[in-house]
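For reference, the structure discussed in these notes is given below.
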Protein chains: 2
Amino acid sequence: MFDPACPSNAMPIKIGDKWSAAIIRCLEDGPRRFSEFQIPLRGITTKVLTGSLRSLERDGLIERTVYPEVPLRVEYTLTPLGRTLLEPLDAAAAWARQHMPALLAAREEYDRRTV
Amino acid sequence: MFDPACPSNAMPIKIGDKWSAAIIRCLEDGPRRFSEFQIPLRGITTKVLTGSLRSLERDGLIERTVYPEVPLRVEYTLTPLGRTLLEPLDAAAAWARQHMPALLAAREEYDRRTV
DNA sequence: CAGAATCCCACGTGATACTG
DNA sequence: CAGTATCACGTGGGATTCTG
């Protein structure tokens with residue numbers, strides 16, 4: 001899941017910052033805890049994860065719930081507003097399936113010509 | 001057109017780099033010359049415009065045609081591949097119309113609470 | 001467990017000046 | 001007209017270490 005070697009950085013359509021789209025995907029099937037993101041999002045640091053989570057929370061796209069247990073537990077869930085992003089997210093994925101190969105081919109061709 | 005004061009930087013859905021979406025919009029009704037972009041895209045520098053144009057050309061989204069006249073004339077047009085981006089672009093605009101107010105409101109609310 | 005605190009670097013963006 | 005050449009800067013992303 002979320003292979004860092006995939007050419008998603010070449011995607012012309014982006015949702016939020018570098019990790020937001022993946023975070024939203026992680027949440028579409030239910031709530032998740034902070035440390036659970038670090039499994040599928042291999043390599044993300046706590047600082048960056050916190051930053052992305054805060055940003056999404058600020059925009060009302062996810063909700064942060066603290067359970068004052070010991071040890072501490074924090075859960076993140078998609079808000080209804082956040083769920084509306086799943087549609088454009090799917091649209092972007094559909095576009096990618098249809099046109100990314102052509103884009104990548106054009107890019108290779110261009111690079112080969114200009115060296 | 002393309003008011004720099006509009007909250008498009010808050011948009012979670014982005015196409016390409018900072019100016020790409022606007023450039024594509026500029027081209028949807030026909031070809032344009034280099035200097036013609038600088039009118040609607042107020043404030044873009046020649047260096048940045050060149051960079052964005054090159055990037056779009058590299059990905060096969062636009063085509064650059066040089067007419068060896070005096071003075072020199074260069075025209076940019078959308079390729080069929082580039083035209084496929086108009087659909088997600090419209091979808092993003094539709095999303096913005098429906099949900100950006102809620103996002104902005106959530107953001108304001110969040111900022112007011114945290115100070 | 002869920003982060004906060006620091007330090008650091010690359011890169012996207014931009015201002016300014018110059019050229020075939 | 002359509003760029004190129006420099007220089008400069010903020011910030012998003014990351015590595016590492018520490019804490020309630």
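Chain A is the first sequence line, chain B the second, and so forth, proteins listed ahead of strands; every chain is numbered from 1.
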Practice problem: Would you give a per-nucleotide map of nucleotides 2-12 of chain D, 5' to 3', where B means the base has a protein non-hydrogen atom under 4.0 Å away, S means only the sugar-phosphate does, and - means neither? | Solution: SBBBBB-----
Quiz prompt | Listed once per pair and sorted, the side-chain hydrogen bond (donor to acceptor under 3.5 Å, both in side chains) pairs that draw on residues 77-89 of chain A, sequence neighbours left out | solution = A:Thr84-B:Trp95
Quiz prompt | d(CZ, A:Arg32; P, C:dC1) in whole Å | solution = 16 Å
Practice problem: Just jot down the side chain to side chain contact (heavy atoms under 4.5 Å, CB included) partners of A:Ala92, sequence neighbours excluded, or say none. | Solution: A:Met11, A:Ile13
Quiz item: Which residues pass the salt bridge (charged side-chain N to carboxylate O under 4.0 Å, His left out) test with B:Glu28, sequence neighbours left out?
Solution: B:Arg25
Using residues 61-69 of chain B as the side-chain source, report each donor-acceptor pair under 3.5 Å to any protein atom, sequence neighbours left out, with the distance given to one decimal.
unit_1: B:Arg64; atom_1: NE; unit_2: B:Tyr76; atom_2: OH; d: 3.4
unit_1: B:Glu69; atom_1: OE1; unit_2: B:Arg73; atom_2: NE; d: 3.2
unit_1: B:Glu69; atom_1: OE2; unit_2: B:Arg73; atom_2: NH2; d: 3.1

Quiz item: Given atom CD1 of A:Ile62 and atom C1' of C:dA2, what is their separation to the nearest angstrom?
Solution: 14 Å
Quiz item: In whole angstrom, what separates A:Ile39's CD1 from C:dC1's P?
Solution: 10 Å
Quiz prompt | Intermediate values then yes/no, side chain to side chain contact (heavy atoms under 4.5 Å, CB included), B:Thr50 and B:Phe34 | solution = CA-CA 9 Å; B:Thr50 301; B:Phe34 186 85; 3.7 Å; yes
Practice problem: With sequence neighbours left out, write down each residue that passes side-chain hydrogen bond (donor to acceptor under 3.5 Å, both in side chains) with A:Trp19, or none if nothing qualifies. | Solution: none
Self-check item: Rounded distance (Å) that lies between atom P of C:dA2 and atom CG of A:Leu41
Solution: 15 Å
Quiz item: How many Å lie between CZ on B:Arg42 and C1' on C:dT13, as a whole number?
Solution: 19 Å
Exercise. Specify the separation, in whole Å, of atom CD of A:Gln38 and atom C1' of D:dG14.
Key: 13 Å
